[in-house]
Structure formats: structure tokens, C-alpha cells
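The structure appears right after this line, and notes come after that.
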Amino acid sequence: MLDSVKIGGFISGKRRELGMTQQQLADRLNISFQAVSKWEKGSTFPNVELLPELSAVMEVTVDELLSGCEKDGEELSYSKAGVDIAYTDTIKKEMAKHLETGDKRVLNGLGPFASLYDISFPEIKNPVLVLKSEEPGSKQKLAMEYGYTDSICHDMINHLVNDIAVMGAKPLAVLDTIVCGNAEKDTISALVKGVSDACRENECSLVGGETSVQPAVVEKGVYVLTSSIAGIVEKDRIIDGSVMEEGDTVLALASNGLHTNGYSLVRMLMDRMPEIKLEKVEGMTFIEQIMKPHTPYYKALKGIMGNSGVHGMAHITGGGIEGNLCRVIPDGLSAVIELDRIKTLPVFRFIRQCGNISDREMLSTFNCGVGFILVVQREAADRIEAHLSRYYDCYEIGCIRAEKQKIIMENKINWQ
């Protein structure tokens with residue numbers, strides 16, 4: 001329990017020790033001197049937002065400020081090691097508002113040791129949990145560097161939900177983890193809000209997580225994000241490619257750009273050619289193009305989940321079409337992809353030209369314009385394509401044949 005009188009006395013004593021008047025302290029903090037006066041009388045507490053700046057002016061830690069006493073200069077403490085418990089606790093309280101949800105299945109909020117989620121689904125006879133963890137890769141380094149804090153959260157959650165949607169799963173609950181070198185309230189709050197907003201857009205809930213301050217492990221100002229999701233699907237409606245057959249149609253759902261893959265190569269290209277960062281690609285700078293958030297496909301896909309005409313789905317991430325579609329093709333069958341049908345995006349043409357990158361390398365590193373693939377019954381293809389086209393560009397790029405090689409690439413990709 002915080003002692004306002006003790007804190008007020010401590011602020012007053014430190015202010016005098018530093019030779020400042022109440023007005024001078026107020027000016028340093030850009031507030032009124034009346035606010036300082038109320039703190040020192042013990043009638044109010046300093047606002048959470050002011051704690052880091054106030055502690056810096058007072059030349060003490062937030063922990064010392066909130067405890068109302070200065071620690072012995074020789075005494076070791078967690079705050080001196082770089083982790084200020086009192087301050088991180090105030091950050092956690094700020095997080096609580098972003099975890100508010102109307103989902104009645106979420107049985108508790110921020111504070112308990114773990115999150116509780118009710119998984120009773122009377123309408124699902126044999127429920128199967130679908131679990132997945134994800135992180136946005138080296139794209140998050142660019143996000144922190146160029147100010148895409150909110151966007152990278154959508155990248156992570158959209159990628160995560162897409163990965164379980166391929167099995168026909170409905171997303172339920174997400175847990176996130178933020179590892180950082182120092183706890184910056186505004187940044188952490190923005191990250192939690194971004195993850196929470198992305199979850200709502202994908203019709204699931206952020207139910208909790210972990211914020212870990214590791215000053216000796218992660219550099220100051222660096223944030224590493226990861227998250228995990230739980231989804232659910234009826235056992236006999238799992239989409240795993242097992243019912244795929246010769247003659248099925250392969251449909252592509254368009255991506256909006258790189259999504260969350262290929263950034264190590266892109267960063268290498270930017271290091272070698274820094275001038276390309278601000279070059280225009282289709283009316284946007286290169287940075288704006290490559291930082292577009294990962295396309296979320298769940299809202300488009302949920303209308304066809306459980307449809308017997310859908311035989312397999314693949315999220316096209318690292319490894320490109322060949323490295324991902326092969327994961328759902330049964331033995332004895334082959335997905336024949338007609339590369340000249342792929343609608344490539346200008347950003348990929350730009351990367352290929354600037355880096356002098358081979359077609360094989362482009363196809364194994366990037367999605368090249370195809371963010372998601374569906375293998376569907378030939379008779380259902382037109383209907384499914386029409387439904388998906390209401391959300392994203394959807395078109396046929398191949399078929400299923402009886403072959404030993406799981407993926408066969410025919411023709412050449414068109415970069416014009």
C-alpha cells in the first residue's frame with residue numbers, strides 16, 4: 001500500500017536538498033506548482049505518466065520514490081540492476097484496460113498467476129484445441145527503428161491466426177510476451193494495445209501474457225515480441241489435406257506485400273543500398289511498402305470452413321509456395337502450380353531488380369503475391385472463389401495431379 005504522506009515528505013525533502021522551489025520543480029515537469037504542493041502535503045499521488053521524469057529530476061529510482069525513502073548507496077537492489085518493480089507494476093495496471101473484453105469465456109483478467117478460459121462448446125461434439133506460437137521475425141527490428149509499433153502487433157497476430165485457420169480452427173485466446181531491456185511505459189502500452197486490437201479484429205481475445213524486463217540480456221530500447229494462440233475445431237471438420245484428390249483446383253488468395261517473411265534479405269539489401277528506403281514503389285516509399293501489416297484471412301475463410309469442398313489450405317510464409325503448400329499435400333499427389341498465373345506485386349519486382357535476385361531465390365524467400373492457398377474440389381471452385389473474392393483477390397493457379405513430387409512448378413513467373 002502506498003503511503004501518500006511518506007511519499008510527499010520524501011519529495012519535499014529531495015526538492016529542498018536539490019535547491020529547488022515548488023515552482024522550479026513544476027517547471028521541470030511542465031505542470032502547475034499546485035500539483036507539487038498537493039503531492040508534498042500527501043493529498044494526492046504523482047500521475048503514473050510523470051513517475052519516470054519525476055524520479056529522474058529527483059535523482060532517485062521510481063522504486064525509491066514510491067517507497068518514500070532512498071536506499072543505501074552501497075546496498076544492492078533489483079532497481080539498481082535495471083528492473084524497477086514499482087514502476088513495472090504501474091505499467092501492468094495500465095495494461096489492464098487493453099485486456100478488457102466482452103468475451104464471457106474469459107473468466108479473469110490481469111493479476112492472477114494464469115488466465116482462465118471456458119472451453120465448453122455445446123455445439124461442438126468433439127472439440128480439438130489447435131495451438132500455435134509465433135513471432136514477427138526480424139521485421140520487428142525495422143518496426144522499432146521506423147516507428148511501426150502498432151503495425152508489428154497486427155503482423156504477429158494476423159500471422160498467428162492465419163496459421164491455425166488453415167486447419168479450419170476458430171481463434172479463441174491469445175497470450176503475448178514482451179521481452180525488453182528497459183520498461184518504457186508508452187512503448188509497452190502501445191504494444192499491448194496493438195496486440196489487443198489485432199485480436200479483436202480477428203474475433204479472439206488477448207487474455208494475458210508476460211512482460212519481462214531483462215537489462216543484462218536485451219539492449220535498452222529493444223523489444224522482442226512473441227505470442228501463442230489457442231483455437232478450436234470440430235474433430236471431423238479438421239482441414240488437413242487428407243481428402244485431397246486428383247483433379248482438385250488450387251486457388252490463390254493475394255497478399256498485400258512481404259507479410260512477415262524475407263526481412264533478413266531485405267535488411268541486407270537496405271544496408272547495401274540505403275538510398276532505396278525512400279524510393280517510391282506504386283506511390284509509397286519502399287519502407288511504407290515493406291511495413292504493411294500481414295494480411296488477415298480469417299474473416300474471409302470462416303464462411304467456407306466446414307465446407308466439404310475445401311480439401312486443404314496453406315499459409316504462404318517462409319519458404320514460399322513450395323515450402324508451405326507441400327505440408328498439406330498427401331503422398332502420391334502433386335500440386336501443379338502455373339507460375340505465369342501468379343499476380344506478382346510491384347514491391348517484389350523492385351526487390352528482385354535492386355538485389356539482382358534469381359527467380360528461384362525469390363520464390364523460396366517471399367510469397368511473391370500469394371499469401372494463402374486453398375485446394376478445393378473442382379465442382380466447388382467457382383463458388384468458393386466467388387465468396388473469397390468479396391474480401392481479397394482470389395484466382396486459380398493450378399491443380400492436383402497424381403505424381404510423386406509434391407510440388408511441380410510449371411512455366412515462369414511474370415515480373416512485368
Side-chain angles (χ1 to χ4, degrees), residues 48-49 51-53 55-56 61-67 71 76-101 106 108-117 131-145 147-161 163 172-199 204-230 260 263:
V48 169
E49 291 82 1
L51 288 177
E53 191 175 355
S55 64
T61 67
V62 174
D63 189 28
E64 289 171 323
L65 185 64
L66 295 181
S67 64
K71 300 291 178 63
L76 292 180
S77 68
Y78 209 15
S79 60
K80 288 180 180 178
V83 183
D84 198 324
I85 295 294
Y87 181 48
T88 54
D89 282 346
T90 63
I91 293 175
K92 289 178 181 179
K93 290 177 182 177
E94 287 289 307
M95 291 181 189
K97 63 185 179 184
H98 301 309
L99 294 177
E100 293 175 0
T101 175
V106 181
N108 59 358
L110 188 68
F113 287 100
S115 302
L116 299 175
Y117 194 93
L131 309 173
K132 171 70 179 179
S133 292
E134 189 54 64
E135 45 79 31
S138 62
K139 186 176 184 179
Q140 61 187 307
K141 181 175 175 63
L142 291 175
M144 297 303 169
E145 184 178 349
Y148 286 83
T149 306
D150 179 75
S151 179
I152 198 68
C153 299
H154 288 260
D155 275 301
M156 180 171 66
I157 299 305
N158 293 349
H159 187 151
L160 197 63
V161 173
D163 273 355
L172 298 177
V174 169
L175 294 168
D176 70 339
T177 298
I178 303 171
V179 180
C180 54
N182 65 310
E184 294 178 357
K185 175 184 168 295
D186 290 344
T187 301
I188 291 176
S189 180
L191 290 171
V192 175
K193 180 181 184 301
V195 173
S196 179
D197 289 346
C199 286
C204 56
S205 299
L206 175 62
V207 298
E210 171 70 6
T211 300
S212 178
V213 184
Q214 300 184 22
V217 178
V218 181
E219 291 182 10
K220 183 178 180 180
V222 173
Y223 293 81
V224 181
L225 306 176
T226 63
S227 58
S228 299
I229 193 169
T260 49
Y263 284 84

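Computed over heavy atoms, backbone and side chain alike; hydrogens, waters and symmetry mates excluded. Sequential numbering from 1 along the given sequence is applied to the chain's residues.
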Taking side-chain contact (heavy atoms from CB on, under 4.5 Å) as the criterion, tell me which of Leu225, Val222, Ile188 meets it with Cys180. Ile188
From the list Glu135, Met156, Gln140, Lys139, side-chain contact (heavy atoms from CB on, under 4.5 Å) partner of Thr260 resolves to Lys139
On a heavy-atom basis, which atom in [X] and which in [Y] lie closest, and how many Å separate them?
X      : Y      : answer
Asp176 : Val192 : OD2-CG2, 4.5 Å
Cys204 : Val161 : SG-CG2, 4.5 Å
Ser115 : Leu175 : OG-CD2, 3.9 Å
Ser133 : Leu160 : C-CD1, 3.7 Å
Ser227 : Ile157 : OG-CD1, 3.9 Å

For His159, what residues pass the ring-ring contact (aromatic ring centres under 6.0 Å, His included) criterion, not counting sequence neighbours? His294, His315
According to side chain to side chain donor-acceptor pair (under 3.5 Å), who are the partners of Thr177, at least two apart in sequence or on a separate chain? none
In chain order, what residues pass the side-chain contact (heavy atoms from CB on, under 4.5 Å) check against [X], with sequence neighbours excluded?
X      : value
Cys153 : Leu191, Val195
Ser205 : Thr101, Asp103, Val106, Val207
Val217 : Gln214
Glu145 : Leu142

Nearest 0.5 angstrom please: Glu134 CD to Asp155 CG, how far? 10.5 Å
Rounded to the nearest 0.5 Å, what separation is found between the SG atom of Cys199 and the CG atom of Asn158? 9.5 Å
Can you confirm whether Lys132 is buried at NZ, in the sense that more than 12 heavy atoms of other residues, nucleotides or ligands lie under 6.0 Å from that atom? yes
